[in-house]
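Below: the structure, in structure tokens.
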Amino acid sequence: QVQLVESGGGLVQPGGSLRLSCAASGSIVSANNMGWYRQVPGKSRELVAVITSGGNTNYADSVKGRFTISRDNARNAVWLQMNSLKPEDTAVYFCYVDMYRDSGGWRYGPYWGQGTQVTVSS
């Protein structure tokens, strides 16, 4: 089973930046799509950004031009660089993988990290 471990959340002032990291560990050989969702209390989890194994990216309209997603396939890691942060970006951010391959073949998820809190406040 794959484990996803996030880091990099915290408290930042409006206009500031944070960089979230997520590393996939376990018997994983390769990951398909990786990305980030976020959730605030009382609301559904929403997609922030996703990146394919080939490097194609997709972003929520609310973060386009401010957030950048990247990955390292060899390390099965994904990052989210968040710039020009706004109070409405405050949420718990979850890393995810939709499917991955190990020695037994493809494993279908999605699989989630434990979440990391991002708070944007003055």
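Just so you know, residue 1 is the first one in the sequence shown, and it goes up from there.
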Pairs involving residues 2-11, ordered by first then second residue, that meet salt bridge (Lys or Arg N to Asp or Glu O under 4.0 Å) (sequence neighbours left out): none

Cation-pi check, Arg45 onto Phe94 ring (under 6.0 Å, within 45° of axis): yes

Apart from Val78 itself, residues in the same hydrophobic cluster as defined by side-chain heavy atoms under 4.5 Å: Val2, Leu4, Val12, Leu18, Leu20, Ile28, Met34, Trp36, Val48, Ile51, Tyr59, Val63, Phe67, Ile69, Leu80, Met82, Leu85, Tyr93, Val97, Tyr100, Tyr111, Val118, Val120

Sidechain-backbone polar pair: Asn76 side chain, Ser25 backbone, donor-acceptor under 3.5 Å: no

Gap between atom CD of Glu88 and atom CZ of Arg38 - 0.5 Å precision: 8.0 Å

Gap between atom OG of Ser27 and atom CD of Gln1 - 0.5 Å precision: 8.5 Å

Beyond-backbone contact of Val29 with Ser103, side-chain heavy atoms, under 4.5 angstrom: no

Side chain to side chain contact (heavy atoms under 4.5 Å, CB included) assessment of Ser121 paired with Leu11: CA-CA 7 Å; Ser121 175; Leu11 173 65; 4.2 Å; yes

Under-4.0 Å salt bridge between Lys64 and Asp61: yes

Note, Arg71 side chain near Ser53 side chain (heavy atom, < 4.5 Å): yes

4.5 Å side-chain heavy-atom contact, Pro14 and Pro87: yes

Side chain to side chain donor-acceptor pair (under 3.5 Å) assessment of Ser17 paired with Asn83: CA-CA 4 Å; Ser17 298; Asn83 298 328; 2.9 Å; yes

Qualifying salt bridge (Lys or Arg N to Asp or Glu O under 4.0 Å) pairs, either residue in residues 90-117, two or more places apart: Asp102-Arg107

Interatomic spacing from CH2 in Trp79 to SG in Cys95 - rounded to 0.5 Å: 11.0 Å

